[in-house]
Visitor: 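Have a look at this one.
In what follows, chains are A, B, ... by sequence order, proteins preceding strands, each numbered from 1. The figures that follow rest on heavy atoms only: side chains count, while hydrogens, waters and symmetry mates do not.
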Amino acid sequence: EKTRQLSLEVIPNWLGPLQNLLHIRAVGTNSTLHYVWSSLGPLAVVMVATNTPHSTLSVNWSRLLSPEPDGGLMVLPKDSIQFSSALVFTRLLEFDSTNVSNTAAKPPGRPYPPYSLADFSWNNITDSLPATLSATFQGHPMNDPTRTFANGSLAFRVQAFSRSSRPAQPPRLLHTADTCQLEVALVGASPRGNHSLFGLEVATLGQGPDCPSMQEQHSIDDEYAPAVFQLDQLLWGSLPAGFAQWRPVAYSQKPGGRESALPCQASPLHPALAYSLPQSPIVRAFFGSQNNFCAFNLTFGASTGPGYWDQHYLSWNAPGCGLPSSGRLVPTSPGHHGSALGAPGLMLLGGGLVLLLHHRKYSEYQSIN
Amino acid sequence: MEEEDEEARALLAGGPDEADRGAPAAPGALPALCDPSRLVHRLLVLLLMCFLGFGSYFCYDNPAALQTQVKRDMQVNTTKFMLLYAWYSWSNVVLCFFGGFLIDRVFGIRWGTIIFSCFVCIGQVVFALGGIFNAFWLMEFGRFVFGIGGESLAVAQNTYAVSWFKGKELNLVFGLQLSMARIGSTVNMNLMGWLYSKIEALLGSAGHTTLGITLMIGGVTCILSLICALALAYLDQRAERILHKEQGKTGEVIKLTDVKDFSLPLWLIFIICVCYYVAVFPFIGLGKVFFTEKFGFSSQAASAINSVVYVISAPMSPVFGLLVDKTGKNIIWVLCAVAATLVSHMMLAFTMWNPWIAMCLLGLSYSLLACALWPMVAFVVPEHQLGTAHGFMQSIQNLGLAIISIIAGMILDSRGYLFLEVFFIACVSLSLLSVVLLYLVNRAQGGNLNYSARQREEIKFSHTE
């Protein structure tokens with residue numbers, strides 16, 4: 001769909017403690033997309049696509065906050081649901097990359113104990129909710145004995161779009177009304193080593209016994225992210241299906257540019273046991289307890305080159321968390337190809353014609369002689 | 001051992017008693033290697049001449065070979081990085097006119113060569129010091145000084161070649177010198193990255209010091225070239241004494257007022273030259289990252305493919321030279337070369353095909369263009385203006401390279417490689433358009449540019465009759 005009616009709504013919990021639950025509802029002519037973001041437990045998003053413009057989200061807070069949250073979150077009517085899945089950002093990883101010369105090594109260094117995002121305390125997103133269709137979840141560990149996050153925070157900025165657009169910050173992937181963008185920024189936290197690399201552990205729901213597939217797409221176009229020709233994407237099942245896609249690049253400065261670009265590596269997806277991951281109540285509330293999870297790691301930067309250590313800043317964009325009705329984002333821009341291929345072609349054609357005419361004239365003269 | 005003795009004797013004979021010029025050692029008494037009139041001796045001189053240019057060609061492309069390292073260690077973006085090439089070109093915009101003059105009138109070939117070699121050495125050392133002291137402006141200054149020496153050294157090298165080999169093996173010598181230059185570039189492309197990693201392992205960390213030391217070691221090639229310059233100066237003087245050979249002159253007369261007399265075909269040749277070379281050299285300067293990022297090449301493989309243009313050019317230049325000489329029809333050959341370059345840039349920009357195909361095509365077309373384009377200048381200007389025309393052509397080529405290097409860096413930083421390639425394609429298209437125009441103008445004016453070799457012979461014959 002070209003445009004959608006967007007609404008961002010923070011669903012308050014009138015009865016209990018403050019919890020962030022953000023509902024983004026994008027209504028098209030005959031479909032509705034629901035994105036439910038919450039920092040209840042680890043930060044998570046539930047994505048639901050329905051084939052009616054009238055579907056609604058129902059939240060039962062008392063059940064959601066109980067130890068058995070199944071059914072606390074529902075999209076109604078249930079039979080309109082075409083696709084649903086979830087992403088859970090479970091852990092912030094940190095590696096010591098000193099003495100790692102092989103940049104492709106996995107893991108990229110000696111791991112430090114990870115920060116579990118379930119043990120983070122988050123700001124009240126209502127404060128950060130201006131009129132710009134975006135919200136920022138900002139958090140830091142609740143228990144921080146070494147005070148690494150004394151001046152730092154991990155922020156997840158969620159942005160929705162009512163129409164296609166391209167943001168001003170690289171990597172500038174095109175957004176449509178069907179996608180929403182996530183920007184992760186780690187700012188000011190003290191690394192535990194001189195050459196710390198950070199990473200994120202992300203969990204998602206498997207489709208039946210299989211994990212969603214991770215694809216690397218190569219394109220010839222790097223216009224909006226100079227020198228990055230690759231597009232990574234996570235695909236849930238066959239089309240129509242949801243996807244998440246990103247350029248494999250992060251930035252160690254704001255605003256991001258080519259000199260501060262870090263490679264971003266995604267590990268393959270692997271099935272993960274539910275108890276080994278921090279659990280998200282909203283995922284369990286929507287999908288129930290019988291789910292198989294798959295997880296992958298994203299690591300930002302390499303042992304050489306720019307890194308978090310430069311400015312204690314790291315930002316990464318997952319521009320497209322998209323849902324079925326959208327086509328896949330097309331990163332190429334055919335206009336250039338046309339002009340670049342067409343111009344010399346026309347020139348040759350024109351030159352050829354001129355030559356031909358010229359030749360004819362020439363031969364006429366000769367015949368007169 | 002014996003040679004050394006001979007050398008010592010020659011030194012004794014030549015060194016202290018300069019007054020004893022009238023009675024040189026009898027040539028027949030010298031072994032072949034030390035006899036300036038013998039082929040073996042000339043081959044020794046040829047070897048020195050080839051290595052004379054090696055250092056400057058090796059170091060010219062140091063930045064391209066260490067692109068990622070320079071940008072990372074000095075914390076500069078691509079635009080600033082390309083300034084390293086721009087500064088080299090800036091100094092030559094002016095010096096192209098004066099290199100020949102300085103050699104002929106001021107320094108003489110021997111001192112000229114030594115002085116220009118010194119500039120190259122000092123430039124490279126300053127460039128390396130800029131790395132060690134983490135001062136990018138010092139690196140830029142180093143490249144400027146390096147540029148002052150670099151191109152003029154090439155002129156001096158050619159002058160030596162003419163003075164020693166005229167009427168003998170001159171074309172072969174020019175070919176070999178060109179090949180040596182390309183070998184220098186190639187060795188640099190494939191060696192510097194490896195050297196950097198070795199120094200990094202030795203020092204324990206990457207950084208501007210590692211970069212500076214790597215460049216300093218690269219500067220050893222310039223010292224080698226300086227030694228060649230000194231040896232050549234000595235042998236040249238010795239030959240003058242023994243054979244009464246004159247000191248070589250470029251014979252170039254530069255008269256800037258000649259510019260107003262340049263004909264339309266000559267201006268078109270200038271445009272072809274500038275538009276073509278700006279799409280080749282800046283591309284090679286920025287190519288390494290392109291091959292690693294777009295095609296997933298390893299660092300070594302990217303260096304190898306980035307230098308393939310030079311590798312091909314080394315053996316193919318003489319071959320194409322012969323081909324163009326035998327067939328004539330220069331404009332058609334230039335047209336082929338430019339069109340092939342256009343195709344290769346398009347392949348690089350719009351396809352994911354193996355870039356070896358495109359780069360080999362680029363290497364072939366680059367060699368062909370050099371052989372077909374430069375001799376055309378001699379057909380369209382009278383002989384007394386040839387020096388000015390060549391100087392002007394080099395000068396605006398350098399001006400074009402300096403400006404386009406900066407623009408290319410800016411485009412890459414803001415819009416990426418695809419856009420950069422489109423820009424290069426536009427440049428080559430402009431060049432192609434100029435070739436077509438040149439063809440038409442030449443035809444309309446009844447010019448001699450596109451004659452076949454036989455037609456040229458016939459005309460020469462009828463003139464002599």
Visitor: Could you check whether B:Q75 and B:D73, counting side-chain N and O atoms only, form a donor-acceptor pair closer than 3.5 Å?
Guide: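 Side chains of B:D73 and B:Q75: no pair found under 3.5 Å.
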Visitor: Is B:E200 in contact with chain A via its backbone, its side chain, both, or neither, using a 4.5 Å heavy-atom distance?
Guide: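 Only the side chain of B:E200 comes within 4.5 Å of chain A.
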Visitor: Sort B:T68 into side chain, backbone, both or neither according to what part of it lies under 4.5 angstrom from a heavy atom of chain A.
Guide: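 Neither part.
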Visitor: B:Y439 ring centre to B:R443 NZ or CZ under 6.0 Å, with the angle to the axis within 45°?
Guide: no
Visitor: Does B:Y85 use its side chain to pair, donor to acceptor, with the backbone of B:A64 at less than 3.5 Å?
Guide: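 Yes, because the side chain of B:Y85 sits within donor-acceptor range (under 3.5 Å) of the backbone of B:A64.
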Visitor: At a 4.5 Å cut-off on heavy atoms, which part of B:A339 comes close to chain A: side chain, backbone, both, or neither?
Guide: neither
Visitor: Using the ring of each side chain (for Trp, its six-membered ring), is B:H345 parallel, tilted or perpendicular to B:F424, with breaks at 30° and 60°?
Guide: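 Ring orientation of B:H345 relative to B:F424: tilted.
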Visitor: On the six-membered ring of A:F95, is A:R110 placed so that its NZ or CZ lies under 6.0 angstrom from the centre and within 45° of the ring axis?
Guide: no
Visitor: At under 4.5 Å between heavy atoms, what parts of residues 281-295 of chain B are in contact with chain A? List them by residue number.
Guide: B:V289, B:F290, B:E293, B:K294
Visitor: Given A:F198, which partner from the list A:Y313, A:F300, A:W316, A:Y308 fulfils the ring-ring contact (aromatic ring centres under 6.0 Å, His included) test?
Guide: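 It is A:Y308; the other options fail the test.
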Visitor: Taking the two cysteines B:C275 and B:C427, do their sulfur (SG) atoms come closer than 2.5 angstrom to each other?
Guide: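 No, the SG atoms are not under 2.5 Å apart.
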